[in-house]
Amino acid sequence: MEKNNVKLYKKPTFWILIGCITGAIATSLYRPMETHKTVYAKPITNTLSPLKFKSIGNIDEEYEKLVEAVKPTVVHIEVGGKVAKSGEIITPPRASGSGVIIQSDNTLGYAWVVTNRHVVDRNKNVTVVLHDGKKLMGSVYSSKDPAIDIAVVKIESNGLRSIPFANSNEVKEGQMCLAIGSPMGFNHTITYGKISSIHRSRSTTNHFADVIQTDASINPGNSGGPLIVLEKKGDGFVPGIAGINTFIASQSGGSQGLGFAIKSNFVKLIANMLIQKKRIERGMIGITPEDLKDYQKNELKIKHGAFVADISKNMPADKAGMKKDDIIIKIQNRVVKSAQDVINYLLEYGASKKLSFTVLRDQKTIHLGIKPILFSDYMKKMERKQRMRNPQQDMLEDLLRQFGFGFGAPRGFGFPQQDPREFEYDDEDEDSHDTENSNSEPSKEKNTQRAKLGISVNDLDKDIREKYFIPANASGAVVASITPGALAEKYNFKIGDLITSVSGKKVKSSQDLLQVIKSIKAGETHPIKISRFTKNSRQTIEWNITF
């Protein structure tokens, strides 16, 4: 028992335990100098809540129903050509495209088709091919303003199905859509995609109207056809036209997922004007409106408006006191939300009366009264100025005529400013070109005449490449001017277009173009390929042109 009464402090284990405790306390009291402080991130608490989707059922089945409903509203449009009573094709159409029936009146027995202006050219009549293959003659109504690429065609028929316009202001990015048309002549081709962007301004697309971008496959021949979306109506969805497919951006000439459609609200406005008045009377005041950026709205503490990016001297806006950098917030007390609103309101009002403009300048509200002028009157005035005589030009024309060069422009129409290194070629006078008989079989007398386009062209140099965004590896002849009413205008040539081949023969210079055109006789049909460039894209177009 005595052995068991040994004092605890005399046991080794006791002192070992005391040492551990003392060391722990000493360690806890010791603090070395801190060189930095570690900060741990807090848990993220502002993540988005999961999106909840309602069941959409069998999507293939639903879109099959959609196609079945809208396909009969889409038509194929043929321009030119000659067909015998037996149905035999004597000469093929020189151009074709698509359209869609937007209005059908079974009581009166006619319907209206909307399409692109560049599809129907300046023809008064075209052939409309319905979904079932039936062909109808159509009467064309379009704007003389090439910037408004919309036309309507009236056809006589009963029992045709039409499709309404969707509200393009309600179209959303990422929304599913489908395009129907006749790409490369394959009638009623259906392609699916989504809305890639709801706003592409005319400054980036060289089009007058605001456009929608889509990745639904669009190719040459889809022009004039509808871009269709589903709009929610009550408990269901209704198909509607979100836009009219108009052009593509492509480096290959085919679809690369960059298709563009003119917004339905603008198309509807133009179509209604053409149906009711048979013409467009666009008012203009001499400004370039642009959309406000978000930072501008925040800085100015405004929610809407259109920025005046440029103003022309001695035009109505300038004379009324409007200034560059003004912000238009109302026209006739109607809210201006974008540059497109300015364009649309001027289209609606024309030049009928003086309009009230409310603008913001240096954070002050100013009211201006401006009387628009008609765009058509302005163009006539400019043409008269261009036709003024120029003695030096006359001498040059006469000299070149002696060497066999003709001119598509009326005498005295005016050359673009040329660098002496550049070579200019205008083809022969257009006065003898009979557009009404261009589809008939050419006579022997007509075949002795040379082909005529009505253009002047330049060779490429550094300045021209920069001006028209033409890359260094591209070659051809650049369109420098176009004769009003000439064949080139009817086929929608643009200044800056690069002609790269004619009849399959490569064009590397203006001289190449001259040699090829000289070998073509009036009445013949030949393919011409051009490239059209913007800052970020290349579009390849090929026309089968009947000279």
Side-chain angles (χ1 to χ4, degrees), residues 118 146-147 149 197 200-211 213 246-254 256 258 260 287-291 293 307-313 324-325 339 382 386 393 396 408-409 413-427 453-484 488-489 491-502 506-514 516-517 528-543:
H118 75 258
D149 197 12
S197 176
R200 292 295 183 212
S201 67
R202 62 192 185 285
S203 61
T204 57
T205 60
N206 297 321
H207 273 251
F208 182 76
D210 201 13
V211 294
Q213 180 183 330
T246 302
F247 65 100
I248 60 175
S250 173
Q251 294 181 331
S252 65
Q256 291 186 302
L258 293 169
F260 300 89
I287 65 169
T288 302
E290 289 185 357
D291 289 340
K293 305 292 189 297
F307 180 73
V308 179
D310 198 10
I311 190 164
S312 301
K313 290 184 178 180
K324 186 179 178 181
D325 299 337
M382 294 304 295
Q386 288 177 319
Q393 177 185 306
L396 177 61
F413 180 76
F415 289 115
Q417 293 297 317
Q418 296 288 312
D419 185 283
R421 295 170 298 167
E422 295 171 336
F423 172 83
E424 179 170 349
Y425 166 70
D426 262 90
D427 45 318
L453 270 175
I455 61 171
S456 66
V457 294
N458 289 334
D459 285 330
L460 287 167
D461 66 10
K462 182 179 178 181
D463 292 336
I464 289 179
R465 288 184 188 277
E466 289 180 355
K467 183 176 182 180
Y468 297 115
F469 307 106
I470 300 173
N473 61 351
S475 61
V478 180
V479 177
S481 67
I482 302 169
T483 306
E489 186 184 62
Y491 276 89
N492 205 34
F493 278 74
K494 304 290 184 185
I495 292 175
D497 283 350
L498 184 68
I499 300 175
T500 58
S501 73
V502 178
K506 287 187 177 181
V507 172
K508 295 184 178 180
S509 67
S510 53
Q511 186 64 34
D512 288 346
L513 179 63
L514 170 61
V516 177
I517 295 292
I528 292 185
K529 184 179 288 187
I530 66 104
S531 291
R532 184 172 295 166
F533 299 89
T534 65
K535 190 174 182 179
N536 300 310
S537 68
R538 172 177 181 167
Q539 181 183 3
T540 301
I541 304 169
E542 183 171 345
W543 292 290

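The first residue in the sequence is number 1, and the count goes up from there.
The CD1 atom of I517 sits 11.5 Å away from atom CG of D512, with the distance rounded to the nearest 0.5 Å. Separating the OG1 atom in T288 from the NZ atom in K324 is a distance of 9.5 Å, to the nearest 0.5 Å.
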- Would you sort out whether V516 and L513 count as a side chain to side chain contact (heavy atoms under 4.5 Å, CB included), showing the intermediate values? CA-CA 5 Å; V516 177; L513 179 63; 5.5 Å; no

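Taking the side-chain contact (heavy atoms from CB on, under 4.5 Å) definition, one finds that S312 meets it with M315, sequence neighbours left out. Residues meeting the side-chain contact (heavy atoms from CB on, under 4.5 Å) test with K293, sequence neighbours left out: Y295, Q296.
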Expected list for residues 467-480: side-chain donor-acceptor pairs under 3.5 angstrom, two or more places apart:
none

Distance-only donor-acceptor hits, side chain of residues 491-501, under 3.5 Å, sequence neighbours excluded:
from	atom 1	to	atom 2	distance (Å)
Y491	OH	R94	NH1	3.1
Y491	OH	T546	N	3.4
N492	OD1	K494	NZ	3.1
D497	OD1	R532	NE	2.8
D497	OD2	K494	N	2.7
D497	OD2	R532	NH2	2.9
T500	OG1	K529	O	3.2

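Remark: the S509 side chain and the D459 side chain contain no N/O donor-acceptor pair separated by less than 3.5 Å.
You'll find the side chain of D291 stays beyond 4.5 Å of the side chain of F307, heavy atoms only. In this structure, V211 and T246 have side chains that are not in contact, with every pair of non-hydrogen atoms separated by 4.5 Å or more.
Between D461 and I464 the shortest heavy-atom distance is OD1-N, 2.8 Å.
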